[in-house]
Amino acid sequence: MKQVLEVFGVLLLIQGVAALAHELTGRLRGWGIVRRIGFLDGYEIYAGVTLIVLALALFALAESRKAR
């Protein structure tokens, strides 16, 4: 279970960083899922930050699973 949480955390972290990199620098044009979701138009930065926060929460949850 710990490894599954870590994998999802890494995926969310990559997507969040890609969203922020695209919005702030204009690079990574064909990369990332945030810009492909229509209802997030105009909120890409918020979505990227949210994905990064969720990734950190998953990492914390995975770490707490290890202690048990």
Side-chain angles (χ1 to χ4, degrees):
M1 182 68 173
K2 178 183 179 291
Q3 291 175 344
V4 172
L5 292 172
E6 288 175 345
V7 167
F8 282 130
V10 167
L11 291 174
L12 288 176
L13 184 65
I14 290 170
Q15 290 298 317
V17 169
L20 288 179
H22 174 70
E23 288 303 313
L24 297 177
T25 66
R27 296 181 185 209
L28 301 174
R29 250 179 234 286
W31 225 85
I33 193 143
V34 171
R35 51 180 230 99
R36 291 192 172 119
I37 300 175
F39 65 87
L40 290 176
D41 285 345
Y43 298 102
E44 290 90 355
I45 292 177
Y46 299 117
V49 170
T50 302
L51 287 174
I52 292 171
V53 169
L54 286 174
L56 295 175
L58 281 178
F59 291 142
L61 182 62
E63 189 64 30
S64 72
R65 291 283 183 186
K66 186 173 87 170
R68 289 183 180 182

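- Atom CD of residue Glu23 and atom CZ of residue Arg35 lie 9.0 Å apart, to the nearest 0.5 angstrom.
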| request: Step by step, work out the side-chain contact (heavy atoms from CB on, under 4.5 Å) result for Ile45 and Leu24. | output: CA-CA 8 Å; Ile45 292 177; Leu24 297 177; 4.1 Å; yes

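- The distance from atom CG of Leu54 to atom CG of Leu61, rounded to the nearest 0.5 Å, is 12.0 Å.
- Between Gln15 and Ile33 the shortest heavy-atom distance is OE1-N, 2.7 Å.
- Atom OG1 in Thr50 sits 9.0 Å away from atom CG in Leu40 (nearest 0.5 Å).
- Proximity of a side-chain donor or acceptor of Glu44 to a complementary backbone N or O of Gly42 within less than 3.5 Å is detected.
- Under the 4.5 Å side-chain heavy-atom criterion for Ile, Leu, Val, Met, Phe, Trp and Tyr, Tyr43 and Leu20 are members of distinct hydrophobic clusters.
- Residues Val34 and Ile37 fall within the same hydrophobic cluster, defined by Ile, Leu, Val, Met, Phe, Trp and Tyr side chains chained together at heavy-atom separations under 4.5 Å.
- Note on Phe39 and Tyr46: separate hydrophobic clusters, where clusters join Ile, Leu, Val, Met, Phe, Trp and Tyr whose side-chain heavy atoms are under 4.5 Å apart, directly or indirectly.
- Phe59 pairs in a side chain to side chain contact (heavy atoms under 4.5 Å, CB included) with only one of the listed residues (Leu12, Leu5, Leu13), which is Leu13.
- With a 6.0 Å radius and a threshold of 12 heavy atoms from other residues, nucleotides or ligands, Leu56 has its CG atom above the threshold.
- The shortest heavy-atom contact between Leu58 and Gly9 is CD1-N, 3.8 Å.
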